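Keep in mind that this is a model prediction, so the values were computed, not measured. Labels below follow one simple rule: chain letters A, B, ... track the order of the sequence lines, proteins then strands, and each chain is numbered from 1.
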Protein chains: 4
Amino acid sequence: MGAGKTKRMPRAVREQQMLDAAVRIFGQRGYMAASMDEIAELAGVSKPLVYLYLNSKDDLFSACVRREARALTQAVRAGVRPGLPPDGQLWSGLRAFFTHTARNPDAWRVLHLHARTHGERFAAEVAAMRADIVAFVTQLIAAAARDAHRRPHLPEEEVAGLAEALVGAAESLADWAGATEGVTAKQAAATLMNFAWAGLGDLMTGRPWVPPEEPEPEPAPVPGGAAVPGGAAVPVQAG
Amino acid sequence: MGAGKTKRMPRAVREQQMLDAAVRIFGQRGYMAASMDEIAELAGVSKPLVYLYLNSKDDLFSACVRREARALTQAVRAGVRPGLPPDGQLWSGLRAFFTHTARNPDAWRVLHLHARTHGERFAAEVAAMRADIVAFVTQLIAAAARDAHRRPHLPEEEVAGLAEALVGAAESLADWAGATEGVTAKQAAATLMNFAWAGLGDLMTGRPWVPPEEPEPEPAPVPGGAAVPGGAAVPVQAG
Amino acid sequence: MGAGKTKRMPRAVREQQMLDAAVRIFGQRGYMAASMDEIAELAGVSKPLVYLYLNSKDDLFSACVRREARALTQAVRAGVRPGLPPDGQLWSGLRAFFTHTARNPDAWRVLHLHARTHGERFAAEVAAMRADIVAFVTQLIAAAARDAHRRPHLPEEEVAGLAEALVGAAESLADWAGATEGVTAKQAAATLMNFAWAGLGDLMTGRPWVPPEEPEPEPAPVPGGAAVPGGAAVPVQAG
Amino acid sequence: MGAGKTKRMPRAVREQQMLDAAVRIFGQRGYMAASMDEIAELAGVSKPLVYLYLNSKDDLFSACVRREARALTQAVRAGVRPGLPPDGQLWSGLRAFFTHTARNPDAWRVLHLHARTHGERFAAEVAAMRADIVAFVTQLIAAAARDAHRRPHLPEEEVAGLAEALVGAAESLADWAGATEGVTAKQAAATLMNFAWAGLGDLMTGRPWVPPEEPEPEPAPVPGGAAVPGGAAVPVQAG
DNA sequence: AATGAATGAGGCTTCATTCAT
DNA sequence: GATGAATGAAGCCTCATTCAT
C-alpha cells in the first residue's frame with residue numbers, strides 16, 4: 001500500500017506521492033489502461049483525494065509528463081561539462097541522458113512511449129522538451145563545425161536533420177538499453193558517440209558520404225493491404 | 001463511409017477492408033482508445049461481422065500487426081539493390097524503408113508506437129520483424145568491414161550495437177519525417193546515410209572516436225520525483 | 001461433423017437429426033446456454049436450414065420436449081405387464097422408467113430439469129406428460145386399495161398425494177441413479193418399490209403412520225436474508 | 001422499486017438487499033435468463049454497485065446459493081425435536097423443511113432447480129448441503145432400525161438408497177406443494193410420513209416387498225429419437 | 001434442398017467522476 | 001484534510017434471426 005497509513009500529510013507531499021504512483025502506473029500500463037483506482041491505491045490515498053488535488057485523469061497525466069520532462073531536461077543539462085570541446089560536452093550529456101532514463105524507466109516510458117501516443121496536448125508537451133534538447137545538440141554540432149577549418153559551415157537544414165537523427169538514435173538506444181540485460185549507460189553512450197561523432201567528424205572535415213550513381217529505384221509497388229481483388233475500401237492514408 | 005454500402009462481398013475482401021480500417025483507427029488512437037464500433041463503422045460493416053471474421057479485439061490487432069510487419073519487411077527487401085556494395089545496398093534499403101513508412105503512416109504508428117506499448121504478445125511480433133531488419137543491417141556492416149583493408153573486423157558486439165543504433169535512428173527519423181512537413185523519404189535517407197555511413201566508414205578504417213580523459217561525471221543528482229520533503233512514498237524503480 | 005457431409009436427405013430425416021442434436025445440446029447446456037450455432041453444427045447442417053424446418057429456438061425446444069415426453073410415456077406404457085396385480089405392474093413400469101431415463105440422460109435432463117425451468121409453455125407440456133404418468137400410478141394405487149379387504153378405500157385426495165410422492169421419488173431416484181456410478185435401473189426400481197410399496201401396503205391394510213402428540217412447532221424464525229438491521233428491502237416472497 | 005430511493009446505506013445492508021433481489025430474479029428466471037440489470041433495478045441500486053460488492057454474476061449467484069443453502073439447513077436442524085424417537089424427529093424435520101421451502105419458494109427454486117443446472121461449481125455447493133441432510137436422515141433410519149427388534153440391521157447400502165429416496169420424495173413434494181394451491185406444509189409432511197415411514201416400518205420389521213416371479217422384461221425397445229429411416233445421425237449417449 | 005453473408009438487440013463488465021459526510 | 005457510497009456512460013462480445021442466392 002505505498003506509504004502505509006500515514007495520514008494528514010501536507011498537500012505538497014501528498015501530491016508528489018500521487019505523481020510517483022501515477023508515473024509508475026502510467027509507465028507500465030499506458031494512459032488508457034491505467035485506472036485511477038490503481039493509482040489511488042498505490043499512492044495510499046482515496047480516489048476523491050486524487051481528484052481534489054489533481055482534478056482529472058488528463059490533468060494528472062499532464063502533471064506527470066511535465067514533471068518528468070523537466071526532470072529529464074535538467075538531468076541532461078546538469079550532466080554537461082561546460083568547459084569541454086563540443087564532443088566532450090556531447091559525451092557527457094549523453095551519459096547523463098542514458099543514466100537518467102535507465103534509473104527512471106517508467107518516467108522514460110511515459111515520455112517516450114505514452115505521451116506521444118495519447119493526444120495532441122501531451123505530444124506537444126513532450127515535443128517542447130525534445131526541442132529543447134535538439135536545440136542544445138544543434139548548437140553543439142554547429143560549434144564543432146565552426147571549429148573545423150576545412151569547411152566553413154554545414155548548411156543549417158543539414159544540421160537540423162543531423163541533430164534530429166542523433167537525438168532519435170539516442171532515444172532508440174535508451175529503449176534498447178532498457179530492454180537489454182547488461183547494457184550500461186556508459187556503453188550505450190560510447191556506442192552512440194562512436195556511431196555519431198566519427199561520422200559527424202568526417203562530415204565536418206568535408207568528406208560526406210555520397211550516394212552511388214544509379215537509376216531512381218521504383219518505390220515499393222504494393223505497400224500494404226490491398227493484395228485482394230476489389231481493392232482497398234478504405235482510402236489509403238495520404239503520403 | 002469508406003466503401004459505401006456495397007453489400008455481400010466475399011469474405012477475403014471484407015477481411016481486408018476490416019484490416020484497412022483497423023490499421024487506420026489503431027494507428028491514430030492506439031489499441032486501448034480504439035473502439036470496435038469505430039472500426040466497424042469505418043469498414044462499413046456491423047460489429048458482429050468483425051467478430052465473426054476476426055474474432056476479438058486482440059486478434060484483430062494481432063492481424064494488423066502481422067500484416068503490416070510483413071508488408072514493411074517485404075518493402076525493404078524488395079527495395080534493396082542486390083548487386084551494389086554495402087553502402088549502396090543500405091542506401092537503397094533505407095529509401096524503401098522511408099518511402100514505405102511515409103506512405104503508410106498509420107501502419108508505421110501501429111508497429112512502432114502501439115504494438116510495442118500494448119503487451120508481450122505484440123511486442124514479440126514486432127521484435128521479430130525488427131530482428132529481421134537488424135540482422136540484415138548487421139550483415140551489411142560486417143561485409144563493409146571485411147571490404148575495408150586497414151582493420152580486419154569490428155568486434156561482433158560492437159557491430160550489434162551499431163546496427164541497433166542505425167535502425168533506431170532510422171525509426172526515429174521516420175517518425176520525424178512523418179511529423180515534419182516537406183521532408184521527403186529521399187532526404188531522410190540521405191541525412192541518415194551521411195550521419196551513419198561516414199561515421200561507420202571512419203570506424204572501419206580504424207579511426208574511432210575516443211572519449212576525452214576526464215573524471216567520472218557524478219550521476220544526475222535528483223532524478224525524478226522526490227524534490228519534496230518527506231521523500232518518495234512510492235519506492236523508485238531499481239536502476 | 002455429426003453425420004458427415006451426406007447432403008440432400010429427405011426432410012423427415014434431417015428433422016430428426018436436428019432434434020437429436022438439439023436434445024443433446026439442450027440437455028447438456030440448458031435452454032438459454034444452448035446456441036443455435038452449436039446445434040446446427042452438431043446436426044451437420046447450416047443454421048438457416050434449422051430455421052426453415054423448425055422455425056425458432058422456442059419451437060425447436062418445444063419439439064424436443066414433445067418428442068421426448070412422448071418417447072418416455074410410451075416406454076413406460078410399453079414396459080408395464082398388463083396381466084399382473086397392481087404391485088407387479090408398478091414394478092415393471094418403474095423398471096421401464098429407470099431404464100429409459102438411464103439410456104437417454106440428455107432427454108431426461110431436458111424434461112426434468114430444463115423444460116420446467118424455462119417457461120410456462122414448456123412446463124405445461126411436461127406437466128401434461130407427468131399427469132399422464134401420475135394418473136396411471138393413481139389408478140394402480142386405487143386398484144390395490146380395492147383389492148385389500150380390510151379397508152374399503154383410501155380417500156381420493158390421499159391417493160393423489162401418494163401418487164405424487166411416488167412419482168416424485170422416482171424422478172429423484174432417476175437423477176440419483178444417473179449421477180451415481182454403478183446403480184442400475186433394476187436396483188433403483190427395487191429400492192423404490194421397497195420404500196413405497198411396503199409402506200403403501202400398510203396404508204392399505206389400515207395401518208397408517210400416526211404423528212406423535214406434540215405442541216405445534218414454532219416455524220423456523222428468520223428463514224433467509226434479513227439478519228441485518230434495516231430489514232429486507234425486497235419484500236419476502238408470499239408463502 | 002423495492003426499498004424506494006433510500007440512499008447511502010451501509011455496505012452490509014445493501015449487500016443483503018442485493019442478495020434478496022438476486023434470489024428472487026434467479027429463482028424466477030434461472031441463472032442464464034436473469035439479467036444483472038433486472039437484479040440491480042429490483043434491489044434499487046445501480047449496476048456498478050452490484051459489481052462493486054458482489055463482483056460478478058457468477059459470484060453473485062454463488063453467494064445466493066451459499067446463503068440459501070445455509071438458511072435451509074439451519075431451518076431443518078432448528079426444526080428437529082431432539083428428544084423424540086426417530087419417526088418423531090423425522091416428522092418434525094420434514095415439517096420444518098416444507099415450511100421453509102413454502103415460505104421461500106424462490107430460494108428453493110434456486111437451490112433445487114437452477115443451481116444444479118448451471119455448473120459444477122454450484123452443483124457441488126448444493127450437493128454438499130444435500131449430503132448434510134441425507135446424512136441426517138440416514139442416521140435416523142439407522143437408529144429406527146436398531147430400535148426395531150425383529151431384524152437387527154438394514155444393510156448399509158440399502159439405508160443409503162432409502163435415505164436418498166426419502167429426500168428425493170421430499171424435494172419433489174416440495175415442488176408439488178409449491179405449485180399446488182391449498183396444500184400446506186403440514187399436509188405435505190403427513191403424506192410423506194405416511195408414504196415413507198409406514199413402508200420403512202414394514203421394512204424394519206422384516207417384511208419387505210418382494211418382486212413377483214416373472215421373466216425378464218425386454219428393455220423398452222426404441223427409446224427415444226430414431227424412429228426414422230436412416231437412423232440417428234447423432235450417436236445416442238452411452239447407457 | 002441448402003447456405004454464405006450479414007445484423008439489431010441485448011448482456012456482462014469497467015471506469016472516470018461526484019456526493020454527502 | 002479525507003473518504004465511503006454511488007452512478008452515467010461506454011466498451012467488448014454473443015446470439016437469434018434474416019436475406020439473397
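- Spacing between atom CZ of D:R14 and atom C1' of F:dA6 amounts to 9 Å, rounded to whole angstrom units.
- In this structure, E:dA9 and F:dT14 make a Watson-Crick or G-U wobble pair, each of the two defining distances being under 3.5 angstrom.
- Dashed line: the shortest gap from a side-chain N or O of C:Y53 to OP1 or OP2 of E:dA2 is under 4.0 Å.
- Ion pairing of A:D106 with A:R29 is absent here, as no side-chain N (NZ or NE/NH1/NH2) approaches a carboxylate O to less than 4.0 Å.
- The nearest whole Å value for the distance from the NZ atom in C:K57 to the P atom in F:dC15 is 9 Å.
- Among all heavy-atom pairs drawn from A:A22 and A:L60, the shortest one is CB-CD1, 3.8 Å.
- Closest to the side chain of D:S56, out of E:dA6, E:dT13, F:dA6, is E:dT13.
- Listed nucleotides: F:dT18, F:dT3, F:dC13. Nearest to the side chain of C:P48: F:dT18.
- Among the atoms of the strands shown, none is found under 4.0 Å from any heavy atom of B:A33.
- Set against F:dA6, E:dC15, E:dG8, the side chain of D:L49 has F:dA6 as its closest nucleotide.
- The CE-P distance, from A:M32 to E:dA16, rounds to 8 Å in whole Å.
- Nearest to the side chain of D:R8, among E:dA20, E:dT7, F:dT18, sits E:dA20.
- Judged by distance alone, with hydrogens and angles left aside, the side-chain atoms of D:H114 form a donor-acceptor pair with the main-chain N or O of D:G27 at under 3.5 Å.
- Using a 4.0 Å heavy-atom distance criterion, C:A40 is classed as making no nucleic acid contact.
- Across all strands shown, F:dT21 pairs with E:dA2; the Watson-Crick or G-U wobble distances both stay below 3.5 Å.
- Checked for salt-bridge contact, C:R66 and C:D59 miss the test: no charged N lies under 4.0 Å from a carboxylate O.
- Checked against F:dT14, E:dG11, E:dA5, the side chain of D:D37 finds its nearest nucleotide in E:dG11.
- A:F122 and A:A115 make their closest contact through CB-O, 3.5 Å (heavy atoms, listed as atom of the first residue, atom of the second, distance).
- Residue A:Q17 contributes atom CD, which lies 15 Å from atom P of F:dG1 at whole-angstrom precision.
- When distances are taken from the side chain of A:S46 to each of E:dT3, F:dT18, F:dA2, the shortest belongs to F:dA2.
- For B:M9, taking side-chain heavy atoms from C-beta onward, the closest of the listed nucleotides E:dA6, E:dG11, E:dT14 is E:dA6.
- Rounded to an integer number of Å, the gap from C:L52 CG to E:dG4 P is 15 Å.
- C:R11 comes within 4.0 angstrom of nothing in the nucleic acid, heavy atoms only.
- Remark: C1' of F:dT7 and CD of D:E41 are 15 Å apart, rounded to the nearest angstrom.
- Residue B:K47 places no side-chain atom within donor-acceptor reach of the base of E:dT7, judged by atom type and a 3.5 Å distance cut-off alone.
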